[in-house]
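It should be emphasised that the depicted structure is a prediction, and the values quoted were computed from it without experimental measurement. Heavy-atom basis, side chains included; hydrogens, waters and symmetry copies ignored. We count ligands from 1, going down the list as the structure has it; atoms in each ligand are counted the same way.
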Amino acid sequence: MNCIDEKLQPIFSEVTRRNCGEPEFHQAVHEVLESLGRVVAKHPHFLDQALIERICEPERQVIFRVPWVDDSGKVQINRGFRVQFNSALGPYKGGMRFHPSVNVGIIKFLGFEQTFKNALTGMPIGGGKGGSDFDPKGKSDGEIMRFCQSLMTELHRHLGEYTDVPAGDIGVGGREIGYMFGQYKRLTNRYEAGVITGKALAYGGSRARTEATGYGNTYFVQAMLQTKGTDFEGKKVVVSGSGNVAIYTIEKVQAFGGKVVACSDSSGYVVDEGGIDLALLKEIKDVRRERISEYATVKGAGVHFISADKGSVWDVPCDVAMPSATQNELSGKDAGTLVKNRVIAVGEGANMPSTPEAIQVFQDAGVLFAPGKAANAGGVATSALEMQQNASRDSWTFEQTEERLAAIMRNIHDTCAATAEEYGAPGNYVLGANIAGFVRVAEAMQMLGVI
Ligand code: NDP
């Protein structure tokens with residue numbers, strides 16, 4: 001890891017002391033503080049009134065019991081979380097994650113990242129995140145519905161279109177959003193469409209929201225490639241994951257003329273040198289909800305499945321890598337392999353998928369590197385567009401919405417690039433994203449007083 005400026009070191013020490021046993025949260029805070037040395041050197045007033053300490057402390061954290069009854073009649077207990085991190089710029093906004101690995105430290109790292117990401121979009125949204133250690137894998141529709149209803153029975157009292165607006169994340173797609181919104185509506189007796197995003201079109205969703213995170217990351221990487229006079233045309237691409245973000249990354253990369261040769265899930269990865277067949281992948285993952293090995297089984301000769309214990313998707317040579325599964329999925333060793341195989345750009349679709357060691361390897365090798373808090377901001381930006389449509393009782397076309405998304409991603413790219421340049425680190429998108437996001441939140445917080 002790089003060093004934190006000595007003025008900021010006590011802040012980091014205090015964060016680790018007060019949030020012990022939360023390594024992902026420490027990692028996310030460390031990465032932002034690493035970038036802020038240059039800011040406080042230029043603008044020391046950001047050290048006043050414990051501003052940075054306050055940014056590192058969530059405004060509110062809710063942890064609650066989620067009891068539900070499984071199909072065999074047995075009572076199951078999960079834990080629900082909502083971390084309302086920062087509302088200086090607008091209502092808390094960020095997705096819900098359902099995965100057995102979820103704990104308060106993971107939700108805090110995601111909420112912290114979300115605060116700066118949302119600021120980068122330039123839209124009036126604060127940062128929050130939530131979820132549960134519930135594992136949706138292998139559950140029936142009825143079990144998913146009862147779980148979502150039980151979770152919302154507690155969560156609804158903390159939400160509101162001007163208070164806190166959740167959306168999807170790992171394990172939470174259109175089906176789960178529908179069940180959560182249904183229960184919210186029933187409990188409050190209000191049709192408050194703007195209280196949750198990622199809704200289906202039938203009840204107030206936005207066109208292009210499903211596609212937005214993957215499309216947005218692809219737009220960001222395209223903009224980075226263009227700074228070097230190139231683009232996706234003819235490039236070999238590897239995308240990890242095969243969920244929402246991965247699928248729509250693959251779709252847009254293919255539309256831009258790139259060839260995606262590998263993707264994965266937690267069980268392993270498939271290599272299809274002819275280019276991933278997206279219709280088949282969607283059928284297997286979205287409709288049949290099967291494992292990625294099924295893709296190789298159906299495609300047959302020439303397509304390989306390699307299980308997770310035998311290798312990493314990052315062993316597959318490519319020009320562009322787009323990690324789109326989960327945090328810390330791309331290690332320093334993986335980064336070394338990618339660099340050896342001459343990767344030229346990395347765009348993080350997932351949140352914090354590259355370890356600090358991996359980021360260092362990419363930066364040392366001069367690889368174009370787009371951090372998740374900038375590159376995957378298209379999802380939340382389109383969620384904010386969904387809120388705009390709900391507020392005005394309007395519904396935009398796909399083209400209109402995608403045009404807005406493309407402009408927002410271009411703007412985030414240019415803001416990160418210009419900020420990196422301004423602070424003496426041209427081409428360092430990590431620094432650019434952290435500083436630009438921080439300054440927007442910090443300036444608003446200073447105007448609002450010590451709260
Ligand atoms: P999905 O649940 O749709 O898909 C997640 C994918 O990642 C699945 O293929 C899953 O495989 C894989 N995965 C999850 N955990 C692991 C693990 N421990 N090891 C290997 N693979 C894993 O989630 P999303 O596509 O929505 O989210 C992916 C990432 O993008 C997350 O980091 C999320 O925070 C981030 N993100 C999502 C946004 C959105 O709009 N959805 C917005 C911004 C960021 P398996 O099925 O085997 O678990």
Point to revise | Distance-only donor-acceptor check, side chains Q389 and S206, under 3.5 Å | key: yes
Review point. Quick one: are the ring centres of F147 and F98 less than 6.0 Å apart?
Key: yes
Exercise for review: Please say whether R97 places an N or O atom under 3.5 Å from an N or O atom belonging to ligand 1.
Suggested key: yes
Check residues 300-310 and write down every donor-acceptor pair under 3.5 Å in which the side-chain atom is one partner and the other belongs to a residue at least two apart or another chain.
| residue | atom | partner | partner atom | Å |
| --- | --- | --- | --- | --- |
| S307 | OG | D309 | OD1 | 2.6 |

Check your understanding: Can you tell which of D169, N244, T326 gets a heavy atom nearest to atom 14 (C) of ligand 1?
Key -> T326
Exercise for review: Before signing off on this row, confirm whether V245 and ligand 1 have an N or O atom pair separated by under 3.5 Å.
Suggested key: yes
**Study point:** Min N/O separation K285 to ligand 1 under 3.5 Å
**Key:** no
Exercise for review: Using a strict cut-off of less than 4.0 Å between a Lys/Arg side-chain nitrogen and an Asp/Glu carboxylate oxygen, indicate whether D70 and K139 qualify as a salt bridge.
Suggested key: no
Exercise for review: Would you kindly check if the NZ (Lys) or CZ (Arg) of K285 is within the cone defined by 45 degrees around the ring axis of Y295 and under 6.0 Å from the six-membered ring centre?
Suggested key: no
Practice item. Identify which of A325, G131, G243 has a heavy atom lying nearest to atom 28 (C) of ligand 1. Key: A325
Review point. Within 4.0 Å of atom 10 (C) of ligand 1 (strictly less), any protein heavy atom?
Key: no
Check your understanding: Within the structure, does S266 bring an N/O atom to less than 3.5 angstrom of an N/O atom in ligand 1?
Key -> yes
Study note, to complete from the structure: Out of G171, G214, G173, G268, the nearest non-hydrogen contact to atom 2 (O) of ligand 1 is supplied by G171
Review point. Less than 4.5 Å apart, any side-chain heavy atom of M152 and any of K185?
Key: no
Check your understanding: Does an N or O anywhere in K129 fall below 3.5 Å from an N or O of ligand 1?
Key -> no
